[in-house]
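Just below is one structure, and these are the notes that go with it.
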Protein chains: 2
Amino acid sequence: MRILIIEDESGILNFLRQGLEEESYSVDTATNGLDGLEMALAEAYDVMLLDWMLPGKSGVEVCREIRRAGIKTPIIFLTARDTVQDTVFGLQAGANDYIKKPFSFEELLERIKVQLRPHSGEQIEFRLGPIVVDTQSHQVFRDSQEIKLTQKEFGLLEFLLRNKGKVCRRTRIIESVWDIHFEYNTGVIDVYINSLRKKLGLTKEEDYIQTIRGVGYIAKEI
Amino acid sequence: MRILIIEDESGILNFLRQGLEEESYSVDTATNGLDGLEMALAEAYDVMLLDWMLPGKSGVEVCREIRRAGIKTPIIFLTARDTVQDTVFGLQAGANDYIKKPFSFEELLERIKVQLRPHSGEQIEFRLGPIVVDTQSHQVFRDSQEIKLTQKEFGLLEFLLRNKGKVCRRTRIIESVWDIHFEYNTGVIDVYINSLRKKLGLTKEEDYIQTIRGVGYIAKEI
DNA sequence: CAATCGTATGCGAATCCTGATCATCGAAGA
DNA sequence: TCTTCGATGATCAGGATTCGCATACGATTG
C-alpha cells in the first residue's frame with residue numbers, strides 16, 4: 001500500500017514516515033503543495049495525507065486539483081485549525097476524512113484503514129503516465145481533460161492497463177475484449193490501437209502503448 | 001436538530017446533554033441498548049451518539065438493528081476501546097464515525113456537524129444549469145417555471161443529479177430507479193430520458209443530459 | 001376514465017469491422 | 001555493413017451493424 005504525505009513541518013513528516021513504514025506502508029513525501037500535487041498526479045497512491053496549511057499551494061487547492069484530474073484516491077486532511085467550517089470546506093473540496101493535530105498515531109492508522117477498506121476489493125482507477133482511467137464512471141482523462149472513448153476503445157485500454165507492464169498477446173486481447181475464443185484473422189486490434197493512440201495523443205516519444213512485433217502490445221510507463 | 005444519546009455512564013451522559021443543549025440541539029437519552037433501540041426506531045433523529053459498551057444490548061447490535069430497520073440517520077460511536085478491529089467492526093455495522101474516549105467536546109461537536117452537513121446542506125436541492133430540483137417538495141423548476149414530472153421521470157432525474165458529473169451506467173440506473181436487480185432488456189430508460197429532455201426543454205446545444213453510447217447517461221454542466 | 005408506465009417499431013446516426021494500401025521492421029544474403 | 005525483400009503493423013475509407021431516439025400503442029393503476 002502506497003501513501004503520499006504532503007506536509008511541510010519536518011518533525012511531523014518524519015514521525016509519520018517512520019511510523020507508517022513500520023506498519024509496512026510504502027511512503028512518499030512532499031514538503032509543499034506544488035511538489036505534492038505533481039507527485040499525486042504522476043504516481044498511483046492508495047491514500048494521501050494532506051496538510052491543511054502548506055507553503056506554495058494550500059491543501060484545499062491541492063485537494064481540489066487532484067479531484068479535478070479525475071483521481072479518486074482517498075485524501076485525509078491533517079489540520080491544526082479546529083473550526084468546523086474549515087473542515088467542512090475541506091470535505092467539500094473532495095477530501096474523505098480529516099484528523100486534527102495533535103492526533104494520536106493510533107487514530108491516524110485507523111482512519112487510514114477505514115479509507116482503504118472499500119477500495120480493497122477491486123481496482124477502479126488505473127493510470128498510465130498522464131492518463132487516468134476510471135473504470136467505474138467509464139471516464140478517461142489526460143491532464144485533467146476528459147477524452148471521449150467508444151465502448152471498444154475503452155475496453156481495450158482497460159485491458160491493457162489491467163496488465164500494465166505485461167505484454168498482451170493478440171489472442172488474449174481478442175479473447176478478453178472481443179470475446180472471440182477461437183481462431184481469428186482480423187486487423188481490428190490494430191485499428192483500435194491506432195484509434196486509441198490518436199485520441200490519447202500519444203506520439204513517437206510518448207509511446208505509452210508500445211507494439212511488440214509478432215506478439216501484441218504493452219502499456220507501460222516510460 | 002434532534003440528537004439521541006445512548007450511554008450508560010450517567011456522568012458522561014449529563015455532560016453531553018448539557019453541552020449539546022447549550023449548542024441548541026434537542027437531546028433525548030437512553031441508558032441501555034433496548035430502550036435506545038426502541039427510541040431510535042420510534043422517533044426521527046438527525047444524529048445518534050451510541051456508546052460501544054452498553055448493558056442489555058451492545059452498541060454494535062443496536063447499530064446493526066437500526067440499520068436493518070432501514071434508518072439511515074448518522075451514528076457516531078463513543079468508544080473507550082482503542083483497538084483498530086473493534087472500530088472497523090463498528091463501522092461495518094453501519095456506523096458513520098466514531099470518537100475515542102476521552103474526547104474533547106469540541107471535537108465531538110465537529111464530528112456531529114460533519115455528519116449533519118451532507119444531509120442538511122446539499123441533499124435537498126440539486127441544480128443543473130437552469131434547472132432546480134427540490135427532492136423534498138418533489139418539485140422541478142426551470143427558470144422559476146415549475147415543470148411537472150411523473151414519479152419515474154423525477155426518480156430518474158434525481159438519480160442523474162445525485163451523480164452529477166459521473167457517468168451513470170444503464171444497469172445502475174435500472175437498479176436504483178426501477179429496482180430491477182437482474183438482467184434487463186428493455187428500452188424504458190431511453191423512453192424516460194427522452195421524456196425528460198423534452199419536458200426540461202433541452203436541445204442539442206443545451207445537452208445537460210448527455211448520452212454515453214453503449215454505457216449510459218451523464219448529467220453535467222456545459 | 002385519465003394519468004402513468006412499459007413495450008414495440010421504424011429511422012437515423014455512431015460505432016464497428018473489413019479490406020486495401022502504405023509504411024516500417026527485421027532477417028538473410030551480398 | 002548495406003541492401004533487399006517478405007512479413008507485420010499502421011492508416012484510411014466505406015459498408016455493415018448496432019444502438020439510441022422518437023413515437024405510437026396497449027397495460028396498469030387508482
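Every value quoted in this text rests on a predicted model; they were computed, and no experiment measured them. Here is the naming used below: chain letters follow the sequence lines, and residue numbers restart at 1 for every chain.
A sub-4.0 Å separation between OP1 or OP2 of dA3(C) and a side-chain N or O of Thr150(B) is absent. Taking only side-chain nitrogens and oxygens, Arg170(B) comes nearer than 4.0 Å to OP1 or OP2 of dG20(D). Contact between the side-chain N/O atoms of Trp178(B) and the OP1/OP2 oxygens of dC5(C) is not found at any separation under 4.0 Å. In this structure, Thr186(A) reaches the dT18(C) phosphate: one of its side-chain N or O atoms is under 4.0 Å from OP1 or OP2. Between dT8(D) and Thr211(A), no contact under 4.0 Å exists linking OP1 or OP2 to a side-chain N or O. For the pair Lys152(A) and dT15(C), the criterion of a side-chain N or O lying under 4.0 Å from OP1 or OP2 is not met.
Atom P of nucleotide dT18(D) and atom CG of Asp179(A) are separated by 15 Å, given to the nearest angstrom. The distance between atom CD1 of Ile180(A) and atom C1' of dC16(C), rounded to the nearest whole Å, is 12 Å. Across the protein-nucleic acid pair, Ile174(B) atom CD1 and dT7(C) atom P stand 9 Å apart, rounded to whole Å. As rounded to whole Å, 13 Å separates atom P of dT8(D) from atom CG of Asn185(A). Spacing between atom CD1 of Ile189(B) and atom P of dG6(C) amounts to 11 Å, rounded to whole angstrom units. In this structure, Gln210(B) places its CD atom 13 Å from P of dA14(C), rounding to the nearest Å. Atom CD1 of Ile212(B) is separated from atom C1' of dT15(C) by 14 Å (rounded to the nearest Å).
At least one donor-acceptor pair under 3.5 Å links the side chain of Glu125(A) to the backbone N or O of Lys72(A). A donor-acceptor pair under 3.5 Å is absent between the side-chain atoms of Arg169(A) and the main chain of Ile173(A), judged by distance alone. Distance alone, capped at 3.5 Å, places no donor-acceptor pair between the Asp207(B) side chain and the Gln210(B) backbone. At least one donor-acceptor pair under 3.5 Å links the side chain of Asp46(A) to the backbone N or O of Arg2(A). When atom types are taken as modelled, the side chain of Asp143(B) and the backbone of Gln145(B) share no donor-acceptor pair closer than 3.5 angstrom.
Residues of residues 190-207 of chain A having a heavy atom closer than 4.0 Å to DNA chain D, listed by number: Asp190(A), Val191(A), Asn194(A), Arg197(A), Lys198(A).
Annotation: of the two residues near DNA chain C, Gln151(B) and Leu149(A), the 5′-most nearest-nucleotide partner is Gln151(B).
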For residues 211-222 of chain B, please give each side-chain donor-acceptor pair under 3.5 Å, one per line with the distance, not counting sequence neighbours.
{"residue": "Thr211(B)", "atom": "OG1", "partner": "Arg197(B)", "partner atom": "NH2", "Å": "3.2"}
{"residue": "Glu221(B)", "atom": "OE1", "partner": "Gly129(B)", "partner atom": "N", "Å": "3.0"}
{"residue": "Glu221(B)", "atom": "OE2", "partner": "Gly129(B)", "partner atom": "N", "Å": "3.1"}
{"residue": "Glu221(B)", "atom": "OE2", "partner": "Lys164(B)", "partner atom": "NZ", "Å": "2.9"}

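Residue contacts for Tyr217(B): at a heavy-atom cut-off of 4.0 Å it reaches the sugar-phosphate backbone alone, with no base atom in range.
Residues that satisfy the side-chain hydrogen bond (donor to acceptor under 3.5 Å, both in side chains) test with Lys166(A), not counting sequence neighbours, are absent from this structure.
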